[in-house]
Amino acid sequence: MRSFLSALLLTGSLLCSAAGLANDERGMTLGRQCADDFYQGRLDALWQRMTPDMRKAFGDQAGLVGFQQKVKADFGAETTVQHEHVMTQQGFQIYVRDSRFAVAPNAFSLRCVFDGSDKIAGFMIQPVKQTTVAPTAYLDYQTKAALRLPFDGAWYTFWGGRTPEQNYHVIARDQRFAYDFVVVRDGKSHHGEPTIKENYFCWDQKILAPAAGTVVVAKDGLIDNTPGEMDASNAAGNHVVLDLGNNEYALLAHLRQGSVKVKVGEPVQAGQELGRCGNSGNTSEPHLHFHLQNAARFGEGEGLPAFFNDYLADGKPVTRGEPLRGQTISPAK
């Protein structure tokens, strides 16, 4: 059996970025229809919904038929849908469906990408990657610092939780319990042209100290990327690290160039402005990355669970908790 089966064409750069939306109802409906039509052989309907460039990728409708027949021969019938979700990135909606099949020994993932007109602009089937979660001795750890959310207003939790489905950070030792946050309005993280960083709703929002502490790292001066481009050589971008005491260190990353307001050695209070949300470092879209660890430098030590106090999650009060992927959170007061 082929280890990788795909037919993928996008009209722009689509990155597995740390910002986007999950569980969009329209995207879920479109995606399920796409997957069901493909697996059940309703290819005329599928072909009609494809963009001209997507049709060109297959050559003609016979190419789509041959691809579907190859998948059916190699995999057999779809038996179990293990997981499905929707993301919105760079103006595209991406439906992801992980399934097991009657013949294939491994699970496979289908991705169907939709443009702004709900046309199929991308299509891929590939083996499900087995995610290795970083080992940790801190699953039962309780945060000692009294943490507030590191911002005011309502933010969307794009990555948050303890499973690979909830949080892609779980593979990294130091980021085992990390979060990524964006601001969402009307189901989108930006308005207008997605390559303009100022169009993102979280851009230049105040980033606040989550607790009282002392500044141990204050990095500034790195440029903010054009959305869709990334600076892998400076993963955290402009960032601040706070010593919260009790061997707990808070990292707040991807800050806007020139916005960092604190200096190394400076004491800060909970809620004090540290900088502004930007797009510096290894990020393709403006967002805030936050995590706790037991070392003062990014990339060192082990990640620690970060329990926040007194916030709202989807409008419901939480006295103490860990925000989860898909939740909209805000300070309770």
Side-chain angles (χ1 to χ4, degrees), residues 8-22 24 27 51 53-54 86-94 96 111 113-117 119 121-122 124 150-151 153 155-160 168-169 172 175 178-207 217-240 251-261 273-291 298-299 325:
L8 176 65
L9 184 67
L10 302 181
T11 58
S13 174
L14 185 67
L15 302 175
C16 293
S17 71
L21 306 180
D24 180 89
T51 64
D53 284 342
M54 190 68 253
V86 172
M87 300 179 288
T88 300
Q89 296 174 352
Q90 302 296 313
F92 293 93
Q93 285 189 302
I94 311 126
V96 182
R111 289 193 175 208
V113 183
F114 301 96
D115 65 12
S117 301
K119 289 288 189 178
M124 173 181 286
F151 40 70
W155 289 60
Y156 179 88
T157 310
F158 182 70
W159 293 121
Y168 88 112
H169 297 100
Q175 301 177 54
Y179 300 98
D180 282 332
F181 301 111
V182 295
V183 174
V184 170
R185 297 172 186 167
D186 298 324
K188 296 182 179 180
S189 60
H190 63 85
H191 64 87
E193 172 57 49
T195 60
I196 300 175
K197 52 186 177 289
E198 292 83 1
N199 285 353
Y200 287 80
F201 301 125
C202 66
W203 172 261
D204 204 39
Q205 294 291 314
K206 293 180 180 180
I207 302 303
V217 176
K219 173 71 174 178
D220 203 340
L222 297 171
I223 66 169
D224 290 286
N225 307 317
T226 297
E229 300 176 2
M230 304 173 75
D231 180 7
S233 61
N234 296 286
N238 301 314
H239 65 282
V240 172
L251 180 138
L252 302 97
H254 309 309
L255 304 179
R256 179 175 64 77
Q257 183 183 26
S259 74
V260 175
K261 293 181 174 294
E273 183 178 342
L274 303 176
R276 299 294 181 106
C277 185
N279 197 42
S280 59
N282 195 34
T283 167
S284 65
E285 184 176 314
H287 74 283
L288 172 67
H289 173 99
F290 176 89
H291 76 255
F298 175 73
R325 174 175 169 82

For [X] and [Y], work out which heavy atoms get closest and say how close.
X	Y	result
Gly237	Lys219	O-CG, 3.7 Å
Ile207	Arg276	CG1-C, 3.9 Å
Pro286	Trp203	CG-CE3, 4.2 Å
Asp220	Gly258	OD1-N, 2.7 Å

Under 3.5 Å, side chain of [X] to main-chain N/O of [Y], donor-acceptor pair present?
X	Y	result
Ser280	Asn238	yes
Arg325	Phe158	yes
Asn225	Glu285	no
Asp224	Asn279	yes
Asn282	Met230	no
Thr51	Met54	yes
Tyr156	Arg185	no

List for me each residue that meets salt bridge (Lys or Arg N to Asp or Glu O under 4.0 Å) alongside Glu198, sequence neighbours excluded, and say none if there are none. none
With side chain to side chain contact (heavy atoms under 4.5 Å, CB included) as the criterion, how do Leu288 and Trp155 come out once you've worked through the C-alpha distance, each side chain's angles and the decisive distance to 0.1 Å? CA-CA 10 Å; Leu288 172 67; Trp155 289 60; 4.2 Å; yes
Report the distance from atom CG of Asp204 to atom NZ of Lys197, rounding to the nearest 0.5 Å. 11.5 Å
Can you confirm whether the side chains of His169 and Asp180 place a donor and an acceptor under 3.5 Å from each other? yes
Over 60° means perpendicular and under 30° means parallel, so classify the ring planes of His287 and His254, tilted if in between.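 Because their plane-to-plane angle lies in the 30° to 60° range, the rings of His254 and His287 count as tilted.
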Under 4.5 Å between any side-chain heavy atoms of [X] and [Y], yes or no?
X	Y	result
His289	Leu251	yes
Phe181	Cys202	no
His291	Phe298	yes

Side chain to side chain donor-acceptor pair (under 3.5 Å) involving Asn199 - partner list, sequence neighbours excluded: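 For Asn199, no residue satisfies side chain to side chain donor-acceptor pair (under 3.5 Å) once neighbours in sequence are set aside.
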Residue that, paired with Trp159, satisfies ring pair (Phe, Tyr, Trp, His ring centres under 6.0 Å) out of Tyr179, Tyr168, Phe290: Tyr168
